[in-house]
Amino acid sequence: MKQMQPSTTLSRYWTWLSDVHPVDNPLNWCHTTDGYGLRSMIESGTIRPNRCPVFNENLIYAFYGRPAYRSRHDGSIGISARAPVIVIFSPDLAVRGTRLYPFDTGAFAAGRYKRRLHSSTTVADFMLPATTEAARKHVSAFFHSNENYLKASPGTPGVAFHGEFEVEQLVHIFSDLDTNEADARRLAMELQIDTAIPLDRTIVDSLVLPSELQDAPWLQVFLGGFGAGIRIVPYDLQPNRRLEEYQMLLEDYVISPQLTA
């Protein structure tokens with residue numbers, strides 16, 4: 001996987017996008033971990049950045065509106081420590097962000113978009129300011145509504161983009177139906193954060209976790225203290241299922257409340 005250098009200037013894509021009228025309402029941000037990771041976060045009181053091999057920095061990743069991240073573990077879950085957990089943040093998480101991208105940068109670094117890109121294109125060509133306004137403008141340009149974005153149903157921008165190669169390339173990336181190259185993560189906005197995030201109600205809206213963890217003493221202590229007010233959304237864990245089998249279930253738990261809000 002190619003290591004990428006983050007840009008210190010905003011991209012040509014943002015120059016074009018800045019004139020787009022945003023959709024009305026911001027969406028939540030989603031960070032995926034597992035049961036073991038959740039316990040570590042709760043015991044430290046924070047979500048801490050980890051070393052990212054792509055950007056060679058300590059980063060936390062969150063995706064806009066949908067839990068797009070997928071674990072590399074390809075076997076059955078087996079134990080609750082490996083069960084997926086979604087931390088759902090309020091839209092205000094963006095103010096803590098360092099960079100925002102219109103797609104999964106890991107797939108970019110792995111060359112999964114290269115059939116749709118010019119050889120001179122870099123990930124910096126797509127960097128956006130880490131704001132909810134930028135996210136809302138991107139949704140407006142390529143999806144036209146939050147509902148279409150949440151359903152991973154892109155369209156063609158209604159604003160002219162003649163000569164804007166970055167926009168043209170995004171149109172092709174988003175319309176590519178070949179999931180062997182890149183899956184629906186290419187349609188989810190990625191927020192990068194380089195500082196620890198407090199795990200409390202000021203920024204965390206809810207936790208989607210296996211029902212087996214609801215009675216864990218460390219979780220109960222947390223919910224009675226710093227985590228008071230954080231909503232728990234339990235799901236039934238079936239240890240013989242593979243992690244990918246839970247993806248649609250977890251996305252529904254996150255997406256459905258936003259569609260009806």
Side-chain angles (χ1 to χ4, degrees), residues 27-42 44 46-55 58-91 93-94 96-101 103-110 135 149-150 152 182-194 196-199 203-213 219 222 227 230-239 241-258:
L27 300 173
N28 294 325
W29 297 93
C30 305
H31 174 78
T32 303
T33 184
D34 57 22
Y36 197 94
L38 176 65
R39 187 179 68 177
S40 297
M41 293 172 187
I42 285 175
S44 70
T46 61
I47 300 179
R48 296 173 177 169
N50 290 314
R51 200 68 181 172
C52 169
V54 175
F55 285 88
N58 293 332
L59 294 171
I60 299 166
Y61 284 88
F63 288 93
Y64 190 58
R66 298 192 290 117
Y69 174 81
R70 301 184 188 184
S71 171
R72 292 176 181 163
H73 179 73
D74 60 1
S76 60
I77 290 177
I79 54 176
S80 59
R82 275 202 295 256
V85 172
I86 312 298
V87 183
I88 303 176
F89 295 98
S90 77
L93 179 68
R96 300 175 181 271
T98 304
R99 292 180 291 271
L100 179 64
Y101 292 96
F103 45 58
D104 171 25
T105 56
F108 187 103
Y149 173 81
L150 291 169
D183 56 31
R185 282 173 286 187
R186 74 186 189 283
L187 301 171
M189 301 196 76
E190 174 190 288
L191 179 68
Q192 298 179 1
I193 303 158
D194 63 4
I197 304 169
L199 202 65
I203 196 69
V204 179
D205 178 80
S206 51
L207 299 170
V208 180
L209 47 73
S211 55
E212 284 84 345
L213 296 183
L219 181 62
F222 170 70
I230 293 176
R231 188 169 61 101
I232 299 299
V233 182
Y235 68 87
D236 292 329
L237 176 64
Q238 298 180 29
R241 278 190 169 187
R242 299 168 69 91
L243 277 171
E244 67 243 26
E245 296 180 69
Y246 281 93
Q247 187 64 31
M248 289 188 65
L249 170 70
L250 295 175
E251 287 197 8
D252 185 61
Y253 276 123
V254 174
I255 290 171
S256 292
Q258 297 182 92

Find out whether Arg51 and Asn58 are in side-chain contact, i.e. whether some heavy atom of one side chain is under 4.5 Å from a heavy atom of the other. yes
Look up atom CZ in Arg48 and atom CD1 in Ile197, then write down how far apart they are to the nearest 0.5 Å. 12.5 Å
Heavy-atom nearest pair, Thr46 first then Ala196, reads CB-CB, 4.2 Å
Rounded distance (nearest 0.5 Å) linking atom CG of Leu38 with atom OG1 of Thr33: 7.0 Å
Closest contact, heavy atoms only, Val254 versus Cys30: CG1-SG, 3.5 Å
Taking Gln258 for the side chain and Gly65 for the main chain, is one N or O donor matched with an acceptor at less than 3.5 Å? yes
Do we get Arg99 above Phe55's six-membered ring, with its NZ or CZ under 6.0 Å from the centre and within 45° of the axis? yes
Ile255 and Arg66, any side-chain heavy atoms less than 4.5 Å apart: yes
Mind listing the closest non-hydrogen atom pair of Val204 and Pro198 along with its distance? CG2-O, 4.3 Å
Shortest non-hydrogen separation from Ala188 to Tyr149 and the atoms involved: CA-OH, 3.4 Å
Could you check if a side-chain atom of Pro49 sits within less than 4.5 angstrom of a side-chain atom of Asp194, using non-hydrogen atoms only? no
Can you tell me how far apart CD1 (Ile193) and CG (Leu100) are? Round to the nearest 0.5 Å. 10.5 Å
Can you list everything that forms a side-chain contact (heavy atoms from CB on, under 4.5 Å) with Pro91? Sequence neighbours excluded, please. Pro26, Asn28, Thr132
Nearest heavy-atom contact between Pro210 and Pro84 is CD-O, 3.9 Å
Atom CZ in Phe89, atom CD1 in Ile47: separation rounded to 0.5 Å? 3.5 Å
Kindly compute the distance separating CD1 (Ile42) from CG (Leu199), expressed to the nearest 0.5 Å. 6.0 Å
With rounding to the nearest 0.5 Å, note down the distance linking CD in Gln192 to CD1 in Ile60. 11.5 Å
Sub-4.5 Å side-chain heavy-atom contact between Val87 and Leu207: yes
Side-chain heavy atoms of Leu250 within contact of Thr32, under 4.5 Å: no
Looking at His31 and Ile86, would you say the former's side chain and the latter's main chain have a donor-acceptor pair under 3.5 Å? no
List the atom of Ser90, the atom of Trp29, and the distance in Å for their closest heavy-atom pair. O-CD1, 3.4 Å
Could you tell me whether the side chain of Glu190 and the main chain of Thr105 form a donor-acceptor pair under 3.5 Å? yes
Between the main-chain N or O of Leu191 and the side-chain N or O of Tyr64, is there a donor-acceptor pair closer than 3.5 Å? no
For the residue pair Tyr253 and Tyr235, does the interplanar ring angle fall in the parallel (under 30°), tilted (30 to 60°) or perpendicular (over 60°) class? tilted
Are the side chains of Phe63 and Met189 in touch, meaning some heavy atoms are under 4.5 Å apart? no
